[in-house]
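The block underneath contains the structure these notes are about, expressed in structure tokens.
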Amino acid sequence: MDPLFWDALFLSLRVAALASGILLLAGAPLAWLLAFRRFPVKALLEAVFLLPLVLPPTVLGFYLLLFLGPEGPWARLFGASWAFRFEGLVLASVLFSLPFALTAYREAFLALDPNLLEVARTLGVPRHRILARVVLPLVWPGLLSGTLLAFAHTLGEFGVVLMVGGSIPGKTQMVSIYLYDLVQALRFAEAVRASLVLLGLSLFLLALVRALEGRWRSWRSTTS
Amino acid sequence: MALLEVHYQLNRPVRLEARFQVRGFTVLLGQSGAGKTSLLKALAGLLPAEGTPFGGLPPERRPVGYLPQDLALFPHMTAWENVAFPLKGRDRKARALALLGRVGLLEEAHKRPGELSGGQRQRVALARALARKPELLLLDEPTSALDPLTKHQVLAELAALIRKEGLPTLAVSHDPELAGLADWLVVLEGGRILQEGPPEEVLAAPRTASAARLLGFENLFPARVVEGGVEAEGVRLRLPLPPWARPGGRVYVGVRAAEVIVVREDRPPPPENVLEGLLESLYPQGLAYRGRFQGPLALTLLLPRHVQARLHLAPGRRIKVVLKPRYLHLMPGEAKEGL
């Protein structure tokens, strides 16, 4: 197989892994706030986070390109442009997959029986221990399945990463763009092989998510 | 007996001011929505409220054992892990097992809550609450999670266990059955404490018609005081009048379903308060029979099965019932009482 395919695939995997890691660390606390706290402009904030779901990816990508580009506010603030670079791809992926992760995380938190947390407090246990021994063990399957979903979603993104990263082979050419370029060049046999690898990978990830959800439901059913 | 004075005031989610005593195993009865759960949560520090004891402390620092209606056992932990949750130190497993032994559940120590019966889950929750060394135990609707067939026995065991621990306990419920197990009975209604006292006193003499309904008086009628008794729906009933009852005054008269007595035809007829009518329906309820009597007054009956068998009672029969004066209870009629 074309070595460029492997380059593109590993780039996609690296971007997706880093982006979903960031989503887990930043998105889970954010989802907790959105699930349990009330504050002004919450509805507006939620709309902003969900925006990538409905916004054409090219529009998101274009704004990000302007924001991260050499003349953009990011470069002026930090002295370096992130456009057409690995970092830019990661940031774009985080924003693009945020709604997926947030929705899954929030559902995991909302499925927690609030009685468990209240009773845990009346037992005189400090909050960090409640988090470690009650909350996390009960929500981790939900958090993990949300993260895997975000990972799979990032692997398939096209419009945003094309805008922000361009398609520099071996540098910012993600696997979905690589496939598009193959088809443009009428290299169908290679495109078929590359697609099969992606199909298998996606199927595997989804099966993993379903298995986790099954496990999570069985936790939840014993709560009530 | 362990005694605790409670005085709490809360505004949300219900307006409530409750001042009463907790003596031993205390049962607080109130209708659904009366604010019973809110009162318990306020005592546990989970709802904003003012009062004594423990006012102003966060839940973590209140010496209170709170058992919510669903018990809230941690589903991913075994029984002993649940009990050990509030414990610290190397010997926490040994101490948790000792607590499970105290509630008679040592053999179930390695089971998850999903594998335990309702009564066993209740005792795990009790052991977990005891691990925290509480000064007050709070039980929310302890009858609700139990199988109706074994409910009474499980509750009696729970009450005995709690008495043995010597902990003041407040159990809230709408189930009059729990009242029979109490050392002290409190009635909550309309955001305040209507009545409190030893259960035999409160059960026999509810102060208002709605308290009577809570305490299991199924037959309640508005009535008017007349010479030597009352007149309810055109029926004259003789009974000794309490000093507050003035002739012509509006009152409520109540009688428990189990204290409506079916007259035996082979015996001399009772001297007073005999009503004749139709036994409209009769169906088994546990080991007893519940029936509906249509006569000058419509009454609910609760008969032991030996009475049903001896008198060959069946729906559609004409029967006579007697309302014995000593089982008739009189309560002042309140202007705005909604029955």
Side-chain angles (χ1 to χ4, degrees), chain A residues 24 28 31-33 35-40 104-147 209 211-224, chain B residues 37-38 40-47 54 57-78 81-88 92 96 99 111-116 118 121 124-140 145:
Chain A
L24 181 62
W32 178 275
L33 287 182
F36 295 124
R37 292 292 153 88
R38 278 189 222 158
F39 49 88
Y105 296 164
R106 189 164 59 168
E107 200 191 323
F109 287 134
L110 286 178
L112 259 184
D113 178 1
N115 263 337
L116 291 182
L117 307 184
E118 289 192 341
V119 166
R121 290 189 67 196
T122 67
L123 290 168
V125 174
R127 284 178 191 239
H128 63 88
R129 244 171 85 210
I130 296 176
L131 186 68
R133 307 229 352 251
V134 178
V135 176
L136 286 181
L138 289 174
V139 301
W140 78 259
L143 295 187
L144 198 56
S145 89
T147 307
V209 169
L212 278 168
E213 278 176 354
R215 166 136 200 207
W216 183 43
R217 293 239 154 73
S218 77
W219 279 137
R220 280 162 60 184
S221 65
T222 51
T223 315
S224 51
Chain B
T37 299
S38 302
L40 285 196
K41 284 196 168 184
L43 275 162
L46 297 168
L47 276 180
F54 320 130
L57 291 176
E60 291 84 354
R61 296 189 38 219
R62 296 189 181 211
V64 156
Y66 170 51
L67 276 68
Q69 193 166 350
D70 68 355
L71 301 172
L73 292 175
F74 304 122
H76 57 299
M77 298 184 197
T78 61
E81 287 169 333
N82 264 284
V83 177
F85 182 69
L87 297 173
K88 274 181 254 169
R92 44 194 289 279
L99 280 161
K111 287 189 181 162
R112 292 251 170 91
E115 302 166 281
L116 299 172
R121 282 207 294 274
V124 174
L126 177 65
R128 181 179 64 179
L130 292 177
R132 190 224 191 298
K133 295 200 169 47
E135 290 166 20
L136 172 67
L137 210 53
L138 304 170
L139 311 180
D140 195 354

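Each chain gets a letter, A, B and so on, in the order its sequence line appears, and its residues count up from 1.
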Worksheet entry | Contact origin within B/L87 toward chain A - heavy atom pairs under 4.5 Å | backbone
Worksheet item: Do you know which two heavy atoms are closest between B/P134 and B/G65, and how far apart they sit?
Response: CB-N, 3.4 Å
Worksheet item: Within 45° of the six-membered ring axis of B/F74 and under 6.0 Å from that ring's centre, is NZ or CZ of A/R133 located there?
Response: no
Worksheet item: Between B/A129 and chain A, which part of the residue has a heavy atom less than 4.5 Å away: side chain, backbone, both or neither?
Response: backbone
Worksheet item: So with a 6.0 Å cut-off around CZ of A/R129, is the heavy-atom count from everything else above 12?
Response: yes
Worksheet item: Between A/I130, A/V125, A/T122, which has the largest tally of heavy atom pairs under 4.5 Å with chain B?
Response: A/T122
Worksheet item: Do B/P75 and A/L138 come within less than 4.5 Å of each other through their side chains, counting heavy atoms only?
Response: yes
